[in-house]
Undergrad: 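Sending over a structure as structure tokens; questions will come in a sec.
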Amino acid sequence: MSAQNDYRDGYIVDMSGDTSHGWIDYGNPKSNAKYCLFKETHDSEPKAYYPDDLSVYRFANSKFYFSKEIERTGVKKRYFLEYLLDGVVELYYHADPFK
């Protein structure tokens with residue numbers, strides 16, 4: 001996890017559908033795909049959430065991430081994918097954390 005953090009207003013939604021508002025670290029695309037650092041208040045200690053913990057996290061009026069299972073070379077694993085487009089086809093972005 002990064003030594004420098006940029007916490008921004010946002011919310012998380014756990015797998016049961018409960019929403020919590022607070023502060024989320026605006027990390028780089030690779031770290032955002034692996035985990036979400038969340039703080040309930042600006043001064044509280046951050047907690048790391050992983051794609052098995054959350055269904056969604058979103059920065060206020062900005063990036064939106066969904067927890068999705070993807071398959072690569074026959075191996076399935078859950079990641080946070082950035083949601084880009086809602087239409088006839090949904091489009092997601094995934095920075096390749098395999099490298």
Side-chain angles (χ1 to χ4, degrees):
M1 294 180 208
S2 174
Q4 294 216 348
N5 301 99
D6 178 13
Y7 286 94
R8 300 183 186 188
D9 187 27
Y11 65 88
I12 60 174
V13 180
D14 68 20
M15 290 301 195
S16 68
D18 291 335
T19 302
S20 298
H21 292 267
W23 300 90
I24 302 170
D25 182 34
Y26 196 85
N28 66 58
K30 284 187 180 182
S31 64
N32 287 348
K34 295 177 186 177
Y35 58 84
C36 167
L37 286 180
F38 178 78
K39 300 192 312 184
E40 289 185 9
T41 67
H42 212 18
D43 297 325
S44 62
E45 286 296 314
K47 180 175 180 185
Y49 289 95
Y50 297 92
D52 289 330
D53 303 322
L54 301 177
S55 61
V56 171
Y57 75 90
R58 184 174 192 173
F59 298 96
N61 302 313
S62 186
K63 294 184 177 190
F64 198 178
Y65 290 86
F66 278 88
S67 175
K68 296 280 185 185
E69 186 176 74
I70 60 175
E71 183 176 340
R72 180 177 167 145
T73 62
V75 177
K76 292 182 180 181
K77 190 167 180 183
R78 189 170 282 280
Y79 292 97
F80 289 120
L81 306 180
E82 184 180 352
Y83 190 63
L84 300 176
L85 179 67
D86 180 18
V88 175
V89 174
E90 293 180 336
L91 181 63
Y92 297 90
Y93 171 73
H94 171 53
D96 191 354
F98 294 99
K99 294 182 180 179

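Quick note: numbers below take in every heavy atom, side chains included, and nothing from hydrogens, waters or symmetry partners.
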Undergrad: Centres of the F80 and Y57 rings: under 6.0 Å?
TA: yes

Undergrad: Could you tell me which non-hydrogen atom of N32 sits nearest to which non-hydrogen atom of Y65, and how far apart they are?
TA: ND2-OH, 3.1 Å

Undergrad: Just how far is it from atom NZ of K76 to atom CD1 of I70, taken to the nearest 0.5 Å?
TA: 12.0 Å

Undergrad: What is the distance from atom CG of D25 to atom CG of D6, rounded to the nearest 0.5 Å?
TA: 7.0 Å

Undergrad: To check you understand the geometry: which heavy-atom pair defines the closest contact between L54 and Y49, and what is its length?
TA: CD1-CB, 3.4 Å

Undergrad: Are more than 12 heavy atoms from other residues, nucleotides or ligands located less than 6.0 Å from atom CD of E69?
TA: yes

Undergrad: The criterion is side chain to side chain contact (heavy atoms under 4.5 Å, CB included); which residues satisfy it with D18, sequence neighbours excluded?
TA: D14, S16

Undergrad: Excluding sequence neighbours, so at least two apart, what forms side chain to side chain contact (heavy atoms under 4.5 Å, CB included) with N61?
TA: none

Undergrad: So which atom in R78 and which in D52 form the shortest heavy-atom distance, rounded to 0.1 Å?
TA: CD-OD1, 3.2 Å

Undergrad: Taking the side chain as every heavy atom from C-beta outward, state whether W23 and D9 have any pair of such atoms under 4.5 Å apart.
TA: yes

Undergrad: So do M15 and S67 actually touch side chain to side chain, heavy atoms under 4.5 Å?
TA: yes

Undergrad: Taking all heavy atoms of H21 and all of Y11, pick out the closest pair and write down the distance.
TA: ND1-CB, 3.6 Å

Undergrad: State, to 0.1 Å, how close F59 and R8 come at their nearest heavy-atom pair, and which atoms those are.
TA: CD2-CB, 4.0 Å

Undergrad: Restricting to non-hydrogen atoms, name the atom on I12 and the atom on C36 that form the minimum distance, rounded to 0.1 Å.
TA: CG2-SG, 4.0 Å

Undergrad: Which pairs, with at least one residue in residues 53-63 and sequence neighbours excluded, count as a salt bridge (charged side-chain N to carboxylate O under 4.0 Å, His left out)?
TA: none

